[in-house]
J.: 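This structure is in structure tokens; I'll ask about it shortly.
Letters go in sequence order (proteins before strands), and every chain restarts at 1.
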2 protein chains.
Amino acid sequence: MQARAIALLRGENARMTHARKAIVDLVFSVNSPISAISVLKGLAKKDIGVNKTTVYRELSYLVKSNILKEVFIKPNSIHYESALLPHHHHLICNNCGSVEEVDCVINERKLLQKIKSKGFDLKTHKFELYGTCASCS
Amino acid sequence: MQARAIALLRGENARMTHARKAIVDLVFSVNSPISAISVLKGLAKKDIGVNKTTVYRELSYLVKSNILKEVFIKPNSIHYESALLPHHHHLICNNCGSVEEVDCVINERKLLQKIKSKGFDLKTHKFELYGTCASCS
DNA sequence: CTTCATGCAAATCTTTTGCACGAAT
DNA sequence: ATTCGTGCAAAAGATTTGCATGAAG
């Protein structure tokens, strides 16, 4: 997966700096959406010194380059995940905050079945649709 | 609708202060999710002097009282809408940021049909599921 | 009169910006 | 060499907190 990200970056003549590589590696290695601050802490823990500003700028850059995606699952903190994963949804625990992926299901029966099979007690869901409204197109 | 909100508030012996009433009135009168800052500005425009802190505290209080709901449709800004509305989803324009409600649709055919009938050009959607995960229950 | 709500200022947290320096090609 | 990336410090935007005053029941 990282290989494909690296290939995409080369495609737009991005320089392969140590910060860029470390950030891509980290975001791709965790299995759920991660915030800029968690990236910062994660890098620090690996003794990779990357500045906060660089982390924010790099994450934005990677979103623009279609390597990462923004995920708004928590208030007031943008999370990022690989944009190269197949389309999926998230199961977010109200209690511990854990985020688990489920592949795209639009059919209710299939959805409920999938969720039950994971032992997840569904309380609410949000289905936000993005695009261009009639008056803008 | 406001009447039911007022009734709920009386139910928990909340004091009917002018700030509380003005905030409930405002949030219920706009037709899409609104941020704390927009509430603040909206009240100012009506020459209702309510402090920023009060707005934030009141919105939290109304969420806790199940009169309002938090909606995370934009990064880094919590929006609020009536919790008394029937379950619905949102059509969010990437261009102008407008938010339009659509009632709950889980069936894809029905969904695509509803969206097309509104002239909305769907690009992406987010379906976030909240509840309790297996290890927490 | 007593509990609850408010205002103000300051703090906190996340993210952005300006500018000068440093590194990759 | 030139362009792109980085660090630092400071600013900006959203939200929270502490504390003292004020209003509703």
J.: Residues in ring-ring contact (aromatic ring centres under 6.0 Å, His included) with A:His79, at least two apart?
T.: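 With neighbours one apart ignored, the set is empty.
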
J.: Provide, to the nearest angstrom, the distance between the CG atom belonging to A:Leu59 and the C1' atom belonging to D:dG5.
T.: 15 Å

J.: Run the numbers on A:Lys69 and A:Tyr80 for side-chain contact (heavy atoms from CB on, under 4.5 Å), then give the verdict.
T.: CA-CA 6 Å; A:Lys69 240 187 207 170; A:Tyr80 298 85; over 6 Å; no

J.: For residues B:Tyr61 and B:Glu12, determine if any side-chain heavy atom of one lies less than 4.5 Å from a side-chain heavy atom of the other.
T.: yes

J.: Whole angstroms only, please: what is the CG-P distance between B:Leu40 and D:dG13?
T.: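 Going from B:Leu40 (CG) to D:dG13 (P), I get 14 Å.
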
J.: Could you tell me whether the phosphate oxygens of D:dA14, OP1 or OP2, come under 4.0 Å of any side-chain nitrogen or oxygen in B:Asn76?
T.: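 For D:dA14, neither OP1 nor OP2 has a side-chain N or O of B:Asn76 closer than 4.0 Å.
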
J.: Would you kindly give the NZ-to-C1' distance between A:Lys64 and D:dC4, to the nearest whole Å?
T.: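 Checked: the NZ to C1' distance equals 12 Å.
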
J.: What is the distance, rounded to the nearest whole Å, between atom CG of B:Asn51 and atom P of D:dA23?
T.: 15 Å

J.: Which residue is it: A:Ile37, A:Leu26, A:Ile23? I am looking for the one with a side-chain contact (heavy atoms from CB on, under 4.5 Å) to A:Val55.
T.: A:Ile23

J.: In whole Å, I'd like the distance from the CZ atom of B:Arg57 to the P atom of D:dT17.
T.: 10 Å

J.: Do the side chain of B:Ser82 and the main chain of B:Leu84 share a donor and acceptor less than 3.5 angstrom apart?
T.: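 Such a contact is found between B:Ser82 side chain and B:Leu84 backbone.
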
J.: Just how far, in rounded Å, is P of D:dA12 from CD1 of B:Ile37?
T.: 15 Å

J.: Under the side chain to side chain contact (heavy atoms under 4.5 Å, CB included) rule, collect the residues that match up with A:Thr53, sequence neighbours excluded.
T.: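 Once residues adjacent in sequence are excluded, the partners of A:Thr53 under the side chain to side chain contact (heavy atoms under 4.5 Å, CB included) criterion are A:Asn51, A:Arg57.
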
J.: Base, sugar-phosphate, or nothing: which does B:Arg20 touch, judged by heavy atoms less than 4.0 Å apart?
T.: sugar-phosphate

J.: Hey, which of these two, B:Ser77 or B:His18, hits DNA chain D nearer its 5' end, going by closest nucleotide?
T.: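 Its nearest nucleotide lies further toward 5', so the answer is B:Ser77.
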
J.: Please find the earliest and latest nucleotides of DNA chain C, in the 5' to 3' direction, that have an atom within less than 4.0 Å of any heavy atom of chain A.
T.: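 Reading along DNA chain C, I get C:dT14 to C:dT25.
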
J.: In whole angstrom, give the distance that lies between atom OH of A:Tyr56 and atom P of D:dA12.
T.: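 For the pair A:Tyr56 OH and D:dA12 P, the rounded distance is 17 Å.
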
J.: Does D:dT6 have OP1 or OP2 under 4.0 Å away from a side-chain N or O of A:Thr17?
T.: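 Yes.
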
J.: For B:Phe28 and B:Ile67, run side-chain contact (heavy atoms from CB on, under 4.5 Å): C-alpha distance rounded to whole Å, both residues' side-chain angles, the deciding distance at 0.1 Å, then the answer.
T.: CA-CA 10 Å; B:Phe28 275 69; B:Ile67 288 160; 3.8 Å; yes

J.: Please give, in whole Å, the distance from D:dA12 P to B:Lys52 NZ?
T.: 14 Å

J.: Which part of the nucleic acid does B:Thr53 contact within heavy-atom distance under 4.0 Å: base, sugar-phosphate only, or nothing?
T.: base

